[in-house]
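Working notes for the structure below.
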There are 2 protein chains.
Amino acid sequence: MMILTVPSAPAAAEPEPPVDLGALPGLIGYALRRAQLAVAQDFHRRVAAEDIRPGQHSVLTVLQNNPGLRAARVAQALGIKRTNFVPVLDGLEARGLAERRRVPGDRRASALFLTEAGKAVLARLAPLVAEHEARFAGRLGPDGRSQLMGLLHRLGEAGFDPA
Amino acid sequence: MMILTVPSAPAAAEPEPPVDLGALPGLIGYALRRAQLAVAQDFHRRVAAEDIRPGQHSVLTVLQNNPGLRAARVAQALGIKRTNFVPVLDGLEARGLAERRRVPGDRRASALFLTEAGKAVLARLAPLVAEHEARFAGRLGPDGRSQLMGLLHRLGEAGFDPA
DNA sequence: TATTGTTATACTCTATAACTATA
DNA sequence: TATAGTTATAGAGTATAACAATA
């Protein structure tokens, strides 16, 4: 019996050499993006039941801690442009989680508040966010976590100003 | 003389109390997002002259280090879905920086290569990216930088799979 | 049947310019 | 003239579903 063609290796055993990422894994920005993607995806999965995204969670948290704050200040505190903050707030208001009220002294401004439903969502969110946080804190250990927070804070300093 | 209204302080001196971010600054995901935003904005400014975004830089780097790699493998290595990789590659090809070539053995696949122009862009990019990296590495110090890379890698592990 | 690349589509995020009503 | 909120719009990024050609 004659063998007509001899593949250099069985198809199932072709290992496909790993992709060489070059200098990318050593770049701070690349490592940040990969880590942030992983963390954001976990947030999305954990909090899916409440249908809240990280940015919405941030806004609700700020309103809880600063009832009556003006829209421009919320946006600025979170690094969101005023113009992009409008649809975010529209969404929260349409779902009955937050509300705009007129400010007595200044008829241009609006003061923002959580509704009771908004407070309830935040209360239900708390344990989900805590689990999410614990998952990644667990990967780092207490020392690693506090080191990371310090290092990230240094990167974020003096960095941006979303006029 | 009767004072009708007494503002609690002159308007110019009203300090506007700081916004209370609550638990946000202690959350890994929030700190990651702020840091990533600052780093990405600096990348954008530094590299504006070449009109290349971080994702494009990553693709060009992978093609340089793995000439002839298939599209699906490039996308998977960078955490981009195959379907979203198409317009990225279209853009690079339209600018003459990368090209698709037919693969002899498999008529479905395309092998990806940098063009000479693509190699030249990457060469001009190198010092800009190095400056960008140095800016943030300088904020952390050598030890801080290597700690950060280790911690970010732990966060990104086993995290995502952009099928 | 499974894989490669692709189209179509939609939703989010981010960005700029310009408007309105106030101040 | 400046500010608070808004509208309109455009560009990226990311997501799913489905298709043709090929394996």
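Throughout, a chain's letter reflects where its sequence line sits, starting with A, and its residues are numbered from 1.
Looking at B:D20, its side chain never comes within 3.5 Å of a backbone N or O of A:N66 through a donor-acceptor pair. No donor-acceptor pair under 3.5 Å is formed between the side chain of A:S110 and the backbone N or O of A:R102. The backbone N or O of B:L140 lies less than 3.5 Å from a partner atom in the side chain of A:R154, making a donor-acceptor pair. Side-chain atoms of B:N84 never come within 3.5 Å of backbone atoms of B:I80 as a donor-acceptor pair (strictly under, hydrogens ignored).
An OP1 or OP2 oxygen of C:dA15 is reached within less than 4.0 angstrom by a side-chain nitrogen or oxygen of B:Q41. Taking only side-chain nitrogens and oxygens, B:Q56 never comes nearer than 4.0 Å to OP1 or OP2 of D:dA12. Note on A:R100: a side-chain N or O is less than 4.0 Å away from OP1 or OP2 of D:dT6.
In terms of heavy-atom proximity, A:I52 sits nearest to A:V47 at O-CG1, 3.5 Å. Taking each heavy atom of B:P25 and B:G22 in turn, the nearest pair found is CD-O, 3.3 Å.
One finds a salt bridge joining B:E99 and B:R101 here, because a Lys/Arg side-chain nitrogen approaches an Asp/Glu carboxylate oxygen to under 4.0 Å. A salt bridge does not link A:R46 with A:E133: every distance from a Lys NZ or Arg NE/NH1/NH2 to an Asp or Glu carboxylate oxygen is 4.0 Å or more. By the 4.0 Å N-to-carboxylate-O rule, B:R34 lies too far from A:E157 to be salt-bridged with it.
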Protein-nucleotides 21-23 of chain C N/O pairs under 3.5 Å:
residue : atom : partner : partner atom : Å
C:dA23  : OP1  : A:R107  : N            : 2.9

Taking N or O atoms only and anything under 3.5 Å, show me the protein contacts with nucleotides 8-10 of chain C, one pair per line.
residue : atom : partner : partner atom : Å
C:dA8   : N6   : B:T83   : OG1          : 3.4

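Each of A:R33 and A:V86 lies near DNA chain D, and the nucleotide nearest A:V86 is the one positioned closer to the 5' end.
The separation between A:D90 atom CG and C:dC11 atom P is 16 Å, rounded to whole Å. C:dT16 atom C1' lies 12 Å from atom CZ of A:R82, rounded to whole Å. With rounding to whole Å, A:I52 atom CD1 is found 12 Å from C:dT12 atom P. In this structure, A:F85 atom CZ and C:dA15 atom C1' are separated by 17 Å, rounded to whole Å. Between A:H44 atom NE2 and C:dT12 atom C1' there is a gap of 11 Å when expressed in whole angstrom units. A:R102 places its CZ atom 13 Å from the P atom of D:dA4, with the value rounded to the nearest Å. Atom-to-atom, NE2 of B:H57 to P of D:dA12 comes out at 18 Å; the value is rounded to the nearest Å.
Of all nucleotides listed (C:dC13, D:dT14, D:dG5), C:dC13 comes nearest to the side chain of A:R53. For A:K81, taking side-chain heavy atoms from C-beta onward, the closest of the listed nucleotides D:dT6, C:dT16, C:dG5 is C:dT16.
Residues B:L63 and B:F113 have side chains not in contact (no heavy-atom distance under 4.5 Å, counting atoms from C-beta outward).
At least one cation-pi condition fails for B:R53 and B:F43: the charged atom is not both under 6.0 angstrom from the six-membered ring centre and inside a 45 degree cone around its axis.
Here CG of A:D90 is found 13.5 Å from CZ of A:R95. Values are rounded to the nearest 0.5 Å.
An angle of 10°, rounded to 10°, separates the two end axes of the helix from C:dT1-D:dA23 to C:dA23-D:dT1, each defined over five pairs.
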